[in-house]
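Notes follow once the structure below has been shown.
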Amino acid sequence: MFSKLSVRNIPEHIFRALESLAVRHDRSTEGEARQAIRAWVEPALIEQTRSTRRKELADRLNRMLKQINMSRRPQLLVSQIAEQIGEEHGESVENWFLGEEEPSFKQLTALAGLLGVDPDWLKHGDKKLYPVEYYRLPENPFAAVDWLQSWTPPERGAGDQTLETLHLVRNDNSTGNLYIVKESAAGHYVVYTTPIHVSEEIGTGGESSLAALFVTLQLLYSRYTSTSKLVVLGYQMRPDDVSQLISGNTNPGSLLGDSARSCWWEDIWDSKMVGQREYWPGWRALCARIEDVIAHRRYLNDVRIHIGEGILVEPNDIAE
């Protein structure tokens, strides 16, 4: 229930005009007064709503730019953003970040495409800031490496990006979950979660996936060192940083620092390197266990033979 509103001391000529409007609109004088108050107040309410939306959008824009600049040198300027999305002036884009103007959905889509964030998050505040997807690596090493060296999986099309850096992240805990982060030449990121555990905490199915991963990483290393311009980096990342990575709300570049860098992916398949360093407790036991699995898989052994012969694309005469 709303409280009654009693308005006193209305000038007589105003009251007579209100009565005249009420007759014209076939309303009571009280009804006409309610309509007049509504017409006076609602524009202010609408402006307040618009102001709130502009402020929320500006908060998202500034949060996005701050995260991007945490891992970028030199810093990206708002004027540069304006130029790169085809705006004729920088002032209007600066006003987006100040909450003084609201860009169109088309402009926000262009901005999201430029900076590699989810357009729905930027426009509406839903979904995640950065894309996080699930992917199961093929157990065919050639198919797996083809995917690892591409910006998008084949079923999603080639896209308009070029993959520049591949980040292989192992969760530095007992389960050793594997995450794959792709970074494009434009500084965009896609994070992939996988069902692979690089640890002793695996069953029979896990052994098969891990055996395929060993040979996949061997093939990836051979291509990486001989024919590819792609940079491949390994990490052992703290569980709390992994949680941020897969949340989709933190720029991956700010988490992929030198402090977590590790060469585990280069050594895990190489018997000459396995004994030289213990990357985590149970490292050597895991490597021995998986090498035994590979020894009993003709297909994986054949792939290794081809890699040793310098055959880095799948030959026609190899069969699983």
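When a residue number appears, it is its place in the shown sequence, counting from 1. Computed over heavy atoms, backbone and side chain alike; hydrogens, waters and symmetry mates excluded.
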- Any chance the side chains of Ser254 and Gln67 put a donor and an acceptor closer than 3.5 Å?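 There is no such pair between these side chains.
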
- Go through the side-chain N and O atoms of Tyr189 and Asn251 and say whether any donor and acceptor fall under 3.5 Å apart.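 No.
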
Kindly say whether [Y] contributes a backbone atom to a donor-acceptor pair with the side chain of [X] at under 3.5 angstrom?
X: Ser209; Y: Ile196; result: no
X: Trp280; Y: Asp172; result: no
X: Gln75; Y: Asn69; result: yes
X: Ser150; Y: Trp147; result: yes
X: Ser20; Y: Arg16; result: no
X: Ser199; Y: Ser174; result: yes

Residue pair [X] / [Y]: nearest heavy atoms and the distance that separates them:
X: Asn301; Y: Arg297; answer: ND2-O, 2.9 Å
X: Ser92; Y: Glu87; answer: OG-OE1, 4.2 Å
X: Ile268; Y: Trp283; answer: CA-CH2, 3.4 Å
X: Pro103; Y: Gln107; answer: CA-OE1, 3.3 Å
X: Val231; Y: Tyr224; answer: CA-CE1, 4.0 Å
X: Pro141; Y: Leu300; answer: CG-CD2, 4.2 Å

Going from [atom1] on [X] to [atom2] on [Y], what distance comes out if it is rounded to the nearest 0.5 angstrom?
X: Cys263; Y: Arg277; atom1: SG; atom2: CZ; value: 7.0 Å
X: Glu94; Y: Glu101; atom1: CD; atom2: CD; value: 10.5 Å
X: Gln236; Y: Ser259; atom1: CD; atom2: OG; value: 12.0 Å
X: Glu200; Y: Glu207; atom1: CD; atom2: CD; value: 8.5 Å
X: Leu129; Y: Asp118; atom1: CG; atom2: CG; value: 8.5 Å
X: His89; Y: Asn95; atom1: NE2; atom2: CG; value: 12.5 Å

Cationic N near anionic O, under 4.0 Å, [X] to [Y]:
X: Asp302; Y: Arg298; answer: yes
X: Lys272; Y: Asp270; answer: no
X: Asp292; Y: Arg289; answer: no

Other residues, nucleotides and ligands only: do more than 12 of their heavy atoms fall within 6.0 Å of [atom1] on [X]?
X: Arg136; atom1: CZ; answer: no
X: Glu91; atom1: CD; answer: no
X: Glu83; atom1: CD; answer: no
X: Glu88; atom1: CD; answer: no

Answer yes if [X] and [Y] sit in the same cluster of Ile, Leu, Val, Met, Phe, Trp and Tyr residues linked by side chain heavy atoms under 4.5 Å apart, and no otherwise.
X: Trp96; Y: Phe105; answer: yes
X: Val132; Y: Leu115; answer: no
X: Tyr179; Y: Leu148; answer: no
X: Ile81; Y: Met64; answer: yes
X: Leu61; Y: Trp121; answer: yes

Any side-chain heavy atom of [X] within less than 4.5 Å of one from [Y]?
X: Thr109; Y: Lys123; result: yes
X: Ser184; Y: Val190; result: no
X: Leu76; Y: Gln84; result: yes
X: His167; Y: Leu233; result: yes
X: Pro252; Y: Leu245; result: yes
X: Pro131; Y: His188; result: no
X: Val181; Y: Tyr235; result: no
X: Leu111; Y: Leu122; result: yes

- Query: Should His197 and Asn177 be marked as a side chain to side chain contact (heavy atoms under 4.5 Å, CB included) after you check the CA-CA gap, both sets of side-chain angles, and the distance that decides it?
  - Reply: CA-CA 4 Å; His197 293 253; Asn177 308 69; 3.2 Å; yes

- Pick from Leu168, Asp267, Val145, Val198: which one makes a side-chain contact (heavy atoms from CB on, under 4.5 Å) with Leu217?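 Exactly one pass, corresponding to Leu168.
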
- Working for side chain to side chain contact (heavy atoms under 4.5 Å, CB included), residues Val293 and Leu210: CA-CA 9 Å; Val293 174; Leu210 207 45; over 6 Å; no

- Message: Determine whether Ile294 and Arg304 satisfy the following criterion, side chain to side chain contact (heavy atoms under 4.5 Å, CB included), listing intermediate values before the conclusion.
- Response: CA-CA 10 Å; Ile294 294 173; Arg304 279 189 157 177; 3.8 Å; yes

- Task: Quick one: list whatever passes salt bridge (charged side-chain N to carboxylate O under 4.0 Å, His left out) with Asp120, sequence neighbours left out.
- Result: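 Partners of Asp120 under the salt bridge (charged side-chain N to carboxylate O under 4.0 Å, His left out) test: Lys127.
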
- side chain to side chain contact (heavy atoms under 4.5 Å, CB included) between Leu108 and Leu57, worked out: CA-CA 10 Å; Leu108 288 174; Leu57 178 57; 4.1 Å; yes

- Query: Who are the ring pair (Phe, Tyr, Trp, His ring centres under 6.0 Å) partners of Trp269, not counting sequence neighbours?
  - Reply: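 Partners of Trp269 under the ring pair (Phe, Tyr, Trp, His ring centres under 6.0 Å) test: Tyr221.
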
